[in-house]
A.B. asks: 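After the structure tokens below, expect a handful of questions from me.
These numbers come from the heavy atoms of this one structure, side chains and all, not from hydrogens, waters or symmetry mates. Not measured: the values here are computed from a predicted model. Numbers here are sequence positions counted from 1.
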Amino acid sequence: MTAGIDPVLSAPRPRFAETDAVSLASATFGVAAVSARNLGSERDQAFLLVGNVGDPLAVMKVSNPAESTAMLDMEALVVAHIARADPDLPVARPWPAPGVETTGAEGFRVRAEGCWVRMYDVMPGHGRRDPLTFDDEVLTAWGTTTARLSRATRGFFHHAGGRVMPWDVQHALTVRPMVPCIADPDWQATVHGALDRYEAVVSPVWSALRAQIVHGDLTTDNALVDNDGRVTGIVDFGDMSHSASIIDLVATLDSLGAGRSGAELLRVARLIIDGYERVLPLESVELAILGELWAARAAIGVAISSWRVEQGLEDAAFAERYNPTAMEMVDTLESVGWRLGPSRPPRRGALVARREVAFGPGMEALTYDEPIEVVSAEGVWLTASDGRRYLDMYNNVPCVGHAHPRVVEAIARQGRVLNTNLRYLHRDAIELAERLADRCPAELDTVVFVNSGSEANDLAWRMACAVTGRSGGLCTSFAYHGVTEAVAAFSPETWPSGYEPGHIGRWAPPDALRSAHLGPQGFTAAIDHLAGRGHGLAAVMLDGVLQSDGVLDPAADYVQDMVRRTHAAGGLWIADEVQGGHGRTGLGLWSFERFGVTPDFVTLGKPMGNGHPVAAVITRRSTAAAFGAAQGTFFSTFGGNQVSIAAASAVLDVLDDERVIERTAIVGEQLRTALHRVMINDDWVGDVRGVGLANAVEIVTDRTTNTPDPHQAETFKNALRRHGVLVGTTGPVGNVIKIRPPLAFHADHLVPFIDGWEAARSSVLMG
């Protein structure tokens, strides 16, 4: 026997005849049985005791003589623990021994004939049901029951759980000496292969897995089921040990997968996992190695059973009955690379070419000349498929940082409970609307939830047209406000050449670098031009940080004048906060706050849910009422759903708890100072500007003429990418380096940012 393994595995099991069992039951627990039926067991004996009218009376377990009393007591204690943790879980409970005056676990066992005897209630259901008869709902239910059992035992501990059981996959490598006992050489090779894979993939991450005392063997052999196959009784805790909690799921997969192979085996596995995750969602590391754990469990079963037969400890027909199906399962898992996801047809060719075919020519081009396949992200860091990390100075969508745990958990937690629409009372949606309104000027008291910034701007525009009875709109000369038909007209950044919608006017925002467009003339002329075409002004739409126009920071009095002129012309002001809101400026939650204006609409989008699709329009109650009177009530099926609201609420919480706005103001100033320092002598840098973490470096041919140089900007952007920093380009001709990291950006990130910037600068200067 391999050293360290629990000796019960190598000790012969008891050999009581059924007639002897009747006498033993009477002598130990006073059960007056007429007959007993041997239920079969790997290393113990279990008997169904029957009364004089054929009724089942109890189940008697006669333990292996080598079984420790600590293990038996642990079994009794865990059942009591489960009864408290999940009273509805159908677990077989032991009888207290007659005449024993103790409340301890030892009061559930009686010594007789050199063995410990225990008595249990008869649980309803049938034993050893063929899992091939289980339908999909039953398979899923098994997964749920397995998770409930793991959850019910996770608060339990006992010193006997430290036993070494080779069935416990954490000890998979201890069965290597047993592999030669497998008669079939091909099976030997398969088992060795599964153990090799375990050693290479699972062993290095085992210490990172969630651990607890586990049942260890929830299979069709150790559970009773009803006529459909649902678990009605969990009847054996003899393989308990302290291990990874996922081991219970592995045992269930191994048992219910018997007799299946190929795509059907994997489909069934996914159903079981679905049921499990309804109660206990798997962590990423658990999901990543689940296939290897399952294959190891199946391989262990073949090795142990073959060894026990060779040792004369068990009948071959009984011990090895599952070995052929176990080998089938291992072969299937190996054939799919140990992954349990749905099969996909193989695709050949470079990913870039496949993207072009799949998405078509209308899709926006990839950002860099050397495209990046991003596979994960955290905070302000993106990780590519080759393992390289990049400092993300580009993405404003994950407002409080990629994969922020507060937001991620809020989404997952709510998704497991409920996700429907606002036709039902929804406390969290109401509270979020109140919080948003509270952060706006008092006049803006009504919130409408939608799914994206485009939809928010679309709805605000519709409302403005309905309220004013007009059809003309105004935006900055290179603005971007969304993708719907209505707001694409407000997005000249995406207009095709020669396109100019007749109902939309544009004005050039102030260009401080070139001292151009500093007055109101262009704005006034645009309003007059609209009127001349028969379109009275309904609304002006402004992105408060003017990202697409080159990341500009107009003066407060300038914007105040524009708002006055808008209202004087009969129009309404839409503050588009998709780019500049949620603390981006460091001067308040909304970018319009620094201008000292009260807009008629505030529109929110991308950052609101940290990338989750949720958006909103905030306006006056009177405006919403007028819109409803003109066009009827508004409803969005997904707008304001519980999961989206959970994400948006979590973002506001993080902004407050982590003091993000205050930090953004400080680190934004530090960033601009650092950029000025490293580029002060570069004649091709026309300007470093910004507010908070909305910043820009304008690239020019020289500082004398300040002629935009989009080619140099593109070159520098790609040089930064090669040195581990991701930025974008923007502006009417694309000569402005856009620097807008997630607001998780800290002062500590300035060092890798400036290091990458200086390295890229040197590479560009050297050609």
Side-chain angles (χ1 to χ4, degrees), residues 396 440-441 457 460 473-481 490-493 504-527 537 539-569 571-603 661 664-665 668-669 671-672 686-698 700 706 708 730-733 735-740:
N396 68 320
C440 286
N457 285 330
L474 202 59
C475 65
T476 54
S477 55
F478 203 66
Y480 176 80
H481 293 288
F490 281 86
S491 303
E493 181 187 34
I504 300 297
R506 295 187 286 165
W507 90 97
D511 182 350
L513 177 62
R514 299 170 182 86
S515 298
H517 316 300
L518 302 181
Q521 294 84 357
F523 186 84
T524 302
I527 295 175
L537 184 63
V540 176
M541 200 175 294
L542 180 70
D543 160 21
V545 290
L546 291 94
Q547 284 275 329
S548 295
D549 290 283
V551 191
L552 305 175
D553 185 22
D557 58 357
Y558 172 88
V559 177
Q560 291 167 11
D561 185 43
M562 298 302 105
V563 174
R564 282 194 298 269
R565 292 174 184 273
T566 298
H567 288 158
L572 301 177
W573 188 270
I574 301 172
D576 181 345
E577 293 291 330
V578 175
Q579 301 275 5
H582 281 84
R584 172 66 48 183
T585 65
L587 300 175
L589 189 63
W590 315 121
S591 63
F592 72 79
E593 291 182 76
R594 74 188 192 281
F595 302 134
V597 300
T598 297
D600 300 291
F601 301 93
V602 178
T603 58
I661 296 175
T664 296
E669 186 62 37
L671 184 149
R672 289 185 294 278
D687 193 18
V688 176
R689 58 178 177 260
V691 55
L693 285 174
N695 293 287
V697 175
E698 182 159 357
V700 296
N706 284 320
T730 189
V733 297
N735 71 307
V736 178
I737 300 294
K738 178 168 52 178
I739 304 168
R740 54 167 196 191

A.B. asks: Let me know which of L552, D543, L542, D553 forms a side chain to side chain contact (heavy atoms under 4.5 Å, CB included) with P509.
C.D. replies: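 Of the listed residues L552, D543, L542, D553, the side chain to side chain contact (heavy atoms under 4.5 Å, CB included) partner of P509 is L552.
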A.B. asks: Just verifying a value: how many Å separate L474 CG and W573 CH2, rounded to the nearest 0.5 Å?
C.D. replies: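 The distance works out to 8.5 Å.
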A.B. asks: Is D687 close to V697 at the side-chain level, that is, under 4.5 Å between some pair of heavy atoms?
C.D. replies: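 Of all side-chain heavy-atom pairs linking D687 with V697, none is under 4.5 Å.
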A.B. asks: How close do E493 and F478 get, heavy atom to heavy atom, and via which atoms?
C.D. replies: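 Answer, listing the atom of E493 first, then F478: CG-CE2, 3.5 Å.
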A.B. asks: Flag the pair R514 and E698 as a salt bridge only when some basic side-chain nitrogen lies within less than 4.0 angstrom of an acidic carboxylate oxygen.
C.D. replies: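 A salt bridge links R514 with E698.
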A.B. asks: Is the side chain of N706 donor-acceptor paired with the backbone N or O of G686 at a distance under 3.5 Å, no angle test?
C.D. replies: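 The answer is no, because no donor-acceptor pair under 3.5 Å joins these two groups.
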A.B. asks: When you measure from the side chain of T730 to the backbone of Q547, do you find a donor-acceptor pair of N or O atoms at a distance under 3.5 Å?
C.D. replies: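 Indeed, once roles are kept as given, a pair shorter than 3.5 Å links the two residues.
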A.B. asks: Ignoring hydrogens and geometry, is there a side-chain-to-backbone donor-acceptor pair from T585 to L587 under 3.5 Å?
C.D. replies: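 Flag set: sc T585 to bb L587 pair under 3.5 Å.
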A.B. asks: Would you name the heavy atoms of F523 and M562 that are closest together and state the gap between them?
C.D. replies: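 Where F523 meets M562 most closely, the heavy atoms are CG-SD, 3.2 Å.
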A.B. asks: Please examine the side chains of Y558 and P510, heavy atoms only from C-beta on, and report whether any two atoms are closer than 4.5 Å.
C.D. replies: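 Touching, per the 4.5 Å side-chain cut-off.
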A.B. asks: Strictly under 6.0 Å, is that where the ring centroids of H582 and W590 end up?
C.D. replies: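 Ring centroids of H582 and W590 are less than 6.0 Å from each other.
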A.B. asks: Determine whether a donor-acceptor pair (N or O, by modelled atom type, separation under 3.5 Å) exists between the side chain of R564 and the backbone of V559.
C.D. replies: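 No; zero donor-acceptor contacts below 3.5 Å.
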A.B. asks: Name all residues meeting the side-chain contact (heavy atoms from CB on, under 4.5 Å) criterion together with A665; count only those two or more places apart in sequence or in a different chain, and write none if there are none.
C.D. replies: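 Here no residue qualifies.
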A.B. asks: Side chains of R689 and N695: is there a donor and an acceptor less than 3.5 Å apart?
C.D. replies: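 Absent: no donor and acceptor within the cut-off.
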A.B. asks: Going by the rule side-chain contact (heavy atoms from CB on, under 4.5 Å), which residues pair with A479 if we only count those two or more places apart in sequence or in a different chain?
C.D. replies: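 Expected list: C475, T476, H481, P492, D549.
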A.B. asks: Write down the atom of P520, the atom of D561, and the distance for their closest heavy-atom approach.
C.D. replies: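 Shortest heavy-atom separation between P520 and D561 comes out as CB-OD2, 3.6 Å.
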A.B. asks: Taking all atoms of both residues into account, what is the closest heavy-atom pair of V736 and G550, and its distance?
C.D. replies: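 Looking at all heavy atoms of both residues, the closest pair is CG1-O, 3.6 Å.
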A.B. asks: Would you check if F595 and V563 make a side-chain contact, meaning some heavy-atom pair closer than 4.5 Å?
C.D. replies: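 Not in contact.
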A.B. asks: Check whether any side-chain heavy atom of R594 sits under 4.5 Å from a side-chain heavy atom of V691, and report yes or no.
C.D. replies: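 R594 reaches V691 side chain to side chain.
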A.B. asks: Could you check whether R584 and S591, counting side-chain N and O atoms only, form a donor-acceptor pair closer than 3.5 Å?
C.D. replies: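 No - no donor-acceptor pair under 3.5 Å links their side chains.
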A.B. asks: With a 4.5 Å cut-off on side-chain heavy atoms, are T566 and L572 touching?
C.D. replies: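 No - every pair of side-chain heavy atoms lies 4.5 Å or more apart.
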A.B. asks: Are N457 and M541 close enough that some pair of their side-chain heavy atoms sits under 4.5 Å apart?
C.D. replies: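 A side-chain contact under 4.5 Å exists here.
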A.B. asks: Can you name the nearest heavy-atom pair linking T603 to A460, along with the distance?
C.D. replies: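 Closest pair (atom of T603, atom of A460, distance): CG2-CB, 3.8 Å.
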A.B. asks: Are I574 and D600 close enough, and set up right, to give a side chain to side chain contact (heavy atoms under 4.5 Å, CB included), and what steps lead you there?
C.D. replies: CA-CA 6 Å; I574 301 172; D600 300 291; over 6 Å; no
A.B. asks: Any non-hydrogen side-chain atom of Y480 less than 4.5 Å from a side-chain atom of V578?
C.D. replies: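 In short, these two side chains do not touch, never coming nearer than 4.5 Å.
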A.B. asks: Of all heavy-atom pairs between G583 and T664, which one has the smallest distance, and what is that distance?
C.D. replies: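 Minimum heavy-atom contact is O-CG2, 3.6 Å.
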